[in-house]
Amino acid sequence: MQFLLRTHHVFTLVLWVSASEDFDWTKNERTSFYYGTFPTGFSWGVGSSAYQTEGAWNIDGKGASIWDSFAHRKGKIFLNDTGDSSCEGYYKFKDDVTLMKDMKLNHYRFSVSWPRILPSGLKSEHINEKGIKYYNDLINMLLANKITPVVTLYHWDLPQVLQEKYGGWQNVSMVDYFNDFANLCFERFGNRVRNWITFNNPWSIAVEGYETGEHAPGLKLKGTGAYRAAHHIIKAHAKVWHTYDTQWRSKQKGLVGISLTADWGEPVDVTNQRDIEAAERYIQFYMGWFATPIFNGDYPQVMKDYVGRKSGQQGLGASRLPVFSPQEKTYIRGTCDFLGLGHFTTRYITQKNYPSGVGDSYFADRDLAELVDPKWPDPGSEWLYSVPWGFRRLLNFVKTQYGNPMLYVTENGVSEKMLCTDLCDDWRMQYFKDYINEMLKAVKDGVNIKGYTAWSLLDNFEWDEGYSERFGLYYVDFRNKNKTRYPKASVQFYKRIISSNGFPNQREVESWKRKAVETCSSSNQLLAAATRESQGDPLIGHMEMVTEIVVPTVCTLCILLSAVFLMFLLRGRL
């Protein structure tokens, strides 16, 4: 059954009424592993994004994106890495589809690069047909291999021209420009694509792009920039949904949703009402910031209250949180055929008051503190801890908060450290096993989950962390010009989950990890040989050998000679 291929349904006001009071914050069931399978037709996939994997940043007429510009500025990315070539996915997409076919995936989630098909960002100026051809070829090959394409329209790579001319998402004109871009995608690809995601993780676009400056375009407009960007993104999403609904839905029978990423926030003390309120505030300032307007027509009340009060304390005449007009509220409400959810980790949350004197800040507006349990496994990224039970909690919160919408997990996965080259990724297999099992429990709870997307198919460019963090099921040798892919053990492990549609019984599941590790040993040997050769350069390979063998040997001899010399000196003195 195809991912997202469902008849369009009309949401009623009953579904939009906030049901947060139905979520029991005091009930955290941390039950044992549950053996069972997902419903028939559940869709399994992997994800990627254009800037993180395609490379070919200035090839075949592609325009520059804000990430091209940002990554080329020294000091913005770890080790000054860029996505200029990345995984060379632009050239190797046929090989990558073959990998997906071997895994027996049902769907592949990827993004269209706005500046690859509209170099100036504007449909009225120039359409790059070579860029169109690339995505046509990718879509056609996916379908030929019975893999459903799931297309994200915006995964952070805004055309640089639009940033320079208009200020990017700070400017309301982006709403119309993005709609034109989306309309072009519907026109050129919609006869084969039924599954559209407008924005991926708009929280990061707004906060890290316009508040902290960690991500492109790197602006630090504290206290205002993130809220303004989010406001325009929500309106842009709604306009694209209406454009599809009025012009394309009857012809193409597709669905349009949005992908929101959210960590779970658990109260430090579930018997403390202030901690419970802080935890809910954490979720509302994170996922609810975007989901509540899309489902209910306006921002969460707690956001309006807190940002409004803080703005007043700072002597401002109006809230820093923008306001939707009555017409806009009606226009935005219900513009979601499905909700995509990205999730990676959990935080403990407690109340913390930030006085108005600390200045304008999205983070200070929330009046809370984030904590982690040192006992939680820490596989790689400093922000990512493995807390599987938080996933089930988040899924059930979505169910109660938004009337149990059609839900797709659009990102879930775990990283590894930069220097780790062991393809037998035991921690990733454990992460997938635990998190997918918590998702299965949520399905048992009645959460309306239709599909799961593992992040990611390949190791790729991880934004401001460059290539220092690897989320891929496939290891990519970035030092090799061919960007060779090597399967990690998690490939076989995830493949077995897919083929079994879950976890059929204890005996079978317990054998999966062992068998997966056994299959990765040959890949480890190939990777080790390639590492020694170091891109086929015998001189570099020889230098590595000298470093690994000769230098330690010489050091050992020096120590021995020094010891002998010292003995002679001591004897002479005696």
Side-chain angles (χ1 to χ4, degrees), residues 18-20 23 25 156 169 197-212 214-215 222-223 225-231 233-234 237 257-268 275-296 298-307 310 320-322 336 339-352 354 361-372 381 383-385 387 389-402 405 407 409-412 455 463:
S18 173
S20 59
F23 184 80
W25 287 93
W156 307 0
W169 290 106
I197 294 169
T198 54
F199 291 91
N200 178 77
N201 191 3
W203 184 93
S204 281
I205 300 168
V207 173
E208 295 176 310
Y210 295 92
E211 168 94 13
T212 67
E214 298 169 86
H215 285 183
K222 292 189 176 181
Y227 295 133
R228 190 179 298 114
H231 200 68
I233 287 169
I234 292 166
H237 161 83
I258 191 168
S259 177
L260 306 179
T261 298
D263 299 340
W264 175 245
E266 181 73 7
V268 167
D275 280 359
I276 290 175
E277 291 172 359
E280 179 160 6
R281 200 158 60 247
Y282 174 80
I283 299 294
Q284 295 296 357
F285 266 79
Y286 206 151
M287 178 178 64
W289 185 3
F290 301 91
T292 306
I294 289 170
F295 282 97
N296 296 354
D298 200 1
Y299 291 118
Q301 188 61 45
V302 70
M303 283 192 76
K304 294 194 289 184
D305 291 345
Y306 270 68
V307 181
K310 296 268 186 174
R320 288 179 279 104
L321 184 69
C336 196
L339 178 62
L341 183 64
H343 174 74
F344 294 91
T345 192
T346 285
R347 293 288 185 269
Y348 276 121
I349 306 298
T350 188
Q351 170 77 24
K352 180 180 179 180
Y354 286 87
S361 167
Y362 159 83
F363 295 100
D365 286 340
R366 304 177 303 169
D367 274 351
L368 56 85
E370 303 176 36
L371 307 168
V372 297
S381 306
W383 57 271
L384 204 168
Y385 296 81
V387 194
W389 54 261
F391 194 21
R392 182 183 182 185
R393 295 276 274 167
L394 178 64
L395 292 166
N396 274 282
F397 182 86
V398 170
K399 172 190 171 185
T400 59
Q401 186 77 7
Y402 305 113
L407 184 64
V409 176
T410 42
E411 284 189 19
N412 179 242
W455 187 265
W463 309 113

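Of all non-hydrogen atoms in L394 and A262, the two that sit nearest each other are CD2-O, 3.4 Å. Residues P293 and G288 approach most closely at CD-O, 3.5 Å, considering heavy atoms. Nearest heavy-atom pair, P202 versus I233, reported as atom, atom and distance to 0.1 Å: CB-CG2, 3.9 Å. Of all the heavy atoms in T346 and G390, the pair that sits closest is OG1-CA, 3.4 Å. Minimum interatomic distance between A278 and T350 (heavy atoms only, all atoms of both residues): CB-C, 3.8 Å. Contact between A279 and W25 at its shortest, heavy atoms only, is CB-CZ3, 3.7 Å.
If you take CD1 on I276 and CD1 on I349, they are separated by 13.5 Å, rounding to the nearest 0.5 Å. Note that the OG atom of S204 and the CD atom of E211 stand 12.5 Å from one another [nearest 0.5 Å]. Distance check, rounded to the nearest 0.5 Å: CZ of R281 to CG of D367 gives 6.0 Å. Here T400 contributes atom OG1 and L395 contributes atom CG; the two are 11.0 Å apart, rounded to the nearest 0.5 Å. Between atom CH2 of residue W389 and atom CH2 of residue W264 there is a gap of 9.0 Å, rounded to the nearest 0.5 Å. The CG atom of L339 lies 5.5 Å from the CG atom of L407; values are rounded to the nearest 0.5 Å.
The number of heavy-atom neighbours closer than 6.0 Å to NZ of K352, taken from other residues, nucleotides and ligands shown, is 12 or below.
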Requested in this report: Verify side-chain contact (heavy atoms from CB on, under 4.5 Å) between Y227 and M303, making sure each step is shown before the conclusion.
Outcome: CA-CA 11 Å; Y227 295 133; M303 283 192 76; 4.0 Å; yes

Report task. Please assess Q401 against I283 for the test side-chain contact (heavy atoms from CB on, under 4.5 Å), listing each intermediate value before the final yes or no. Result -> CA-CA 11 Å; Q401 186 77 7; I283 299 294; over 6 Å; no

Report task. Could you check V387 against Y348 for side-chain contact (heavy atoms from CB on, under 4.5 Å), going step by step and ending with a plain yes or no? Result -> CA-CA 11 Å; V387 194; Y348 276 121; over 6 Å; no

Requested in this report: Could you give me the CA-CA distance, side-chain angles and deciding distance for W203 and F290, then say whether ring-ring contact (aromatic ring centres under 6.0 Å, His included) is met?
Outcome: CA-CA 8 Å; W203 184 93; F290 301 91; 8.8 Å; no

Query raised in the report: Please walk me through it: do Y299 and V307 pass side-chain contact (heavy atoms from CB on, under 4.5 Å)?
Result: CA-CA 11 Å; Y299 291 118; V307 181; over 6 Å; no

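Within the 4.5 Å cutoff, the side chain of M287 has heavy atoms near those of the L341 side chain. Looking only at side-chain heavy atoms (C-beta outward), F23 and R393 come within less than 4.5 Å of each other. Under the 4.5 Å side-chain criterion, counting only non-hydrogen atoms from C-beta, K304 is in contact with D298. Within the 4.5 Å cutoff, the side chain of D263 has heavy atoms near those of the Y282 side chain. Put simply, the side chain of W289 reaches to within 4.5 Å of the side chain of Y362, judged on heavy atoms. Counting heavy atoms from C-beta on, the side chains of F363 and F285 never come closer than 4.5 Å. No side-chain heavy atom of W463 sits less than 4.5 Å from a side-chain heavy atom of E208. Looking only at side-chain heavy atoms (C-beta outward), D365 and R320 come within less than 4.5 Å of each other.
Of the possible donor and acceptor atoms, none in the side chain of E266 sits under 3.5 Å from a partner among the backbone N and O of R347. Although no hydrogens or angles enter the test, the distance criterion places no donor-acceptor pair under 3.5 Å between the side chain of T198 and the main chain of I258. The backbone N or O of H343 lies less than 3.5 Å from a partner atom in the side chain of N412, making a donor-acceptor pair.
Of the residues Y210, F199, W156, the one that meets the ring pair (Phe, Tyr, Trp, His ring centres under 6.0 Å) test with W169 is F199.
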